[in-house]
Amino acid sequence: MTVTRLRPAVVCAALLEALDASEGRRRRRKRDTTPDAIGMSLKRQLLAQSVDADPDPEAFEAWLLERCLTGRVDASIGALRAMAREVLAEWQFAAASADFREWLTAGAPSEDRGPALSATLAFLPSSQDLDGR
């Protein structure tokens, strides 16, 4: 099986765009969504840091762990760790699933927001992105 080795920054940039739709859903819920907002804020922070730092795919998990260990003092390490695990899982899923990459590339279309915006970065793998195994 060939696995696409996408740069985490590429996937994280598209995931940041996808958060817009989930934010619309959160605001329409009839319950207190403060915990959701806190988690999404932490996730947004990790995604933005990933885009800025552009860590190597092989070091992404360790890079996320370092963010958890050196994160904000006012953030729960458990909450930060949960969001880091989610970011890692979504990046791994994007690397393994062409359908998920296509959805992200299309701007993560959803019924919760208007017309999809195209992702800011393309997911078309170059020869360097493919694991030759």
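Positions are given from 1 along the sequence.
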For D99, the side chain to side chain contact (heavy atoms under 4.5 Å, CB included) test, sequence neighbours excluded, returns S97, E102
Scan residues 75-94 for pairs that pass ring-ring contact (aromatic ring centres under 6.0 Å, His included), counting only residues two or more places apart or in two chains.
F60-W91, F93-F100
Taking atom CG of L15 and atom CG of L46, what is their separation to the nearest 0.5 Å?
11.5 Å
Closest non-hydrogen atom pair between A18 and L104, with its separation:
CB-CD2, 4.3 Å
Work out which heavy atom in V51 is nearest to a heavy atom in A9; give both atom names and the distance.
CG2-O, 3.7 Å
Derivation of the side-chain contact (heavy atoms from CB on, under 4.5 Å) call for V11 and R101
CA-CA 8 Å; V11 175; R101 286 193 308 275; over 6 Å; no
Under the rule for side chain to side chain contact (heavy atoms under 4.5 Å, CB included), what residues qualify as partners of Q92, not counting sequence neighbours?
L88
Return the set of residues passing side chain to side chain contact (heavy atoms under 4.5 Å, CB included) with Q45 (not counting sequence neighbours), or none when no residue passes.
L42, Q49, R72
Begin from the C-alpha positions of L47 and L19 and carry the test side-chain contact (heavy atoms from CB on, under 4.5 Å) through to its verdict.
CA-CA 10 Å; L47 291 171; L19 278 181; 3.9 Å; yes
For residues 80-87, tabulate all N or O donor-acceptor pairs below 3.5 Å that involve a side-chain atom, not counting sequence neighbours.
from	atom 1	to	atom 2	distance (Å)
E86	OE2	K43	NZ	2.6

Determine which pairs satisfy side-chain hydrogen bond (donor to acceptor under 3.5 Å, both in side chains) with at least one residue from residues 53-65, sequence neighbours left out, and list them in order.
R7-D54, R7-D56
OG of S50 to CG of L64, rounded to nearest 0.5 Å, is 5.5 Å
